[in-house]
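Heads up: the structure comes next, in structure tokens.
Not measured: the values here are computed from a predicted model. Reminder, nothing fancy here: chain letters follow the sequence lines and each chain counts from 1.
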2 protein chains.
Amino acid sequence: MNIQFNNRDPVYIQVIQHFKLQIAKGFLESGDVIPSRRELASQLKINPNTAQRAYKEMEEEGLIKTEKNQPSKVTHDQDVLRGVRNELIDEAVSQFVDSVKSINVPLEDAMKLIETHYKEKGDSND
Amino acid sequence: MNIQFNNRDPVYIQVIQHFKLQIAKGFLESGDVIPSRRELASQLKINPNTAQRAYKEMEEEGLIKTEKNQPSKVTHDQDVLRGVRNELIDEAVSQFVDSVKSINVPLEDAMKLIETHYKEKGDSND
DNA sequence: AACAGTGTATTAACCACTTAGTACACCGTC
DNA sequence: GACGGTGTACTAAGTGGTTAATACACTGTT
């Protein structure tokens, strides 16, 4: 567990993003337990409340489920989990297309750039 | 002149982004004059200091040139202007490829999604 | 019962950004 | 020269979101 924080976005947002990536990659699956608020905070060297805020939002989004004082677990709702992946992808696609269209880059050029750039860089694994 | 502000990013950043888009699209060309700080602030209903901050950064980036008490003008340096466009494109491409690779979306899938999405939405003009 | 661990809630402090209020120097025009 | 416009600079206050500090309630274990 380690997150490369940028100092542009709020930490709790980046924490959420981290878990979404883990889910989208399949590293976190239905029912998996995740660290307690305090433990996560300790690992990431952030404030427990920041961890709490991230967890709270994930709870509200249905990503995780917390009962009694059991450790929080990834939801069993497979649709939600698939949704995470799809949303990340849709978001990336929309943003890219919007950017590229806003400055009138032809589709062909955009495609070529992506192809080149995709092959250039090494795989991103954890 | 009108900008659709979001309340996520600082206003002065969005102002800069706006001018970069205008340049990238060719709507703003070398030597074109841009509104005075006070006029821009008035039009966009923002504080003159916020406008000033945006202009100051654009000046430091070499995007605009200000002399004496003439209205600021877009730089005559064609390389800089081309650079703006290229940077916007590179940024979009990098971000997209990073996102998509981080969750292991195959190149083919990514390309297909972009193609579809690109054709779906109408052109974005001002 | 004491303890250590959980989640949760509340309040205060912090911080970047924005805004406000002035002020100064410069230049064209009337 | 007065005036209105420009750019620029500085300080102070306000604002909203983020983070920090602390406390509380609950539960399983010893």
Backbone N/O of [Y] and side chain of [X]: donor-acceptor pair under 3.5 Å:
X: A:Ser72; Y: A:Ile34; value: no
X: A:Lys101; Y: B:Tyr118; value: yes
X: B:Asn6; Y: B:Asp9; value: yes
X: A:Ser42; Y: A:Arg38; value: no

Please report, rounded to the nearest Å, how far the [atom2] atom of [N] is from the [atom1] atom of [X].
X: A:Arg8; N: C:dC17; atom1: CZ; atom2: P; answer: 13 Å
X: A:Glu67; N: C:dG7; atom1: CD; atom2: P; answer: 12 Å
X: A:Lys73; N: C:dG7; atom1: NZ; atom2: P; answer: 11 Å

Salt bridge present between B:Lys20 and B:Glu61 (N-O < 4.0 angstrom): yes
Output yes when A:Arg82 and A:Asp79 qualify as a salt bridge under the 4.0 Å nitrogen-oxygen rule, no when they do not.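 Between A:Asp79 and A:Arg82 there is a salt bridge, with a charged N closer than 4.0 Å to a carboxylate O.
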Check whether B:Tyr12 forms a cation-pi arrangement with B:Arg53 (NZ or CZ under 6.0 Å from the six-membered ring centre, at most 45° off the ring normal). yes
Member of B:Glu59, B:Lys56, B:Met58 meeting the side chain to side chain contact (heavy atoms under 4.5 Å, CB included) criterion with B:Thr66: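 Exactly one option meets the side chain to side chain contact (heavy atoms under 4.5 Å, CB included) with B:Thr66, and it is B:Glu59.
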Bounds of contact between DNA chain D and chain A, in 5' to 3' order, using a heavy-atom cut-off under 4.0 Å: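 Range of nucleotides touched by chain A: D:dT18 to D:dT27.
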Donor + acceptor pair across side chains of A:Gln95, A:Glu91 (<3.5 Å):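 There is no such pair (donor and acceptor under 3.5 Å, judged by atom type) between the side chains of A:Gln95 and A:Glu91.
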Sugar-phosphate only, base, or nothing, as touched by B:Tyr55 at under 4.0 Å among non-hydrogen atoms: nothing
Reckon A:Ser36 has a side-chain N or O less than 4.0 Å from the OP1 or OP2 of C:dT6? yes
So if I define the base as every atom that isn't primed, P, OP1 or OP2, how would nucleotides 23-30 of chain C read as a B/S/- string at a heavy-atom cutoff under 4.0 Å? B--BB---
Expected output is a numbered-order residue list: members of residues 39-54 of chain B with a heavy atom under 4.0 Å from any atom of DNA chain D. What is it?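 DNA chain D contact set from residues 39-54 of chain B: B:Asn49, B:Gln52.
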CA sep, side-chain torsions, deciding dist, call: A:Ile103, B:Leu21, side chain to side chain contact (heavy atoms under 4.5 Å, CB included): CA-CA 7 Å; A:Ile103 51 179; B:Leu21 286 175; 3.6 Å; yes
Taking CD in B:Gln78 as the centre, count heavy atoms belonging to other residues, nucleotides or ligands within less than 6.0 Å. Is the count above 12?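 More than 12 heavy atoms, drawn from other residues, nucleotides or ligands, come within 6.0 Å of this atom.
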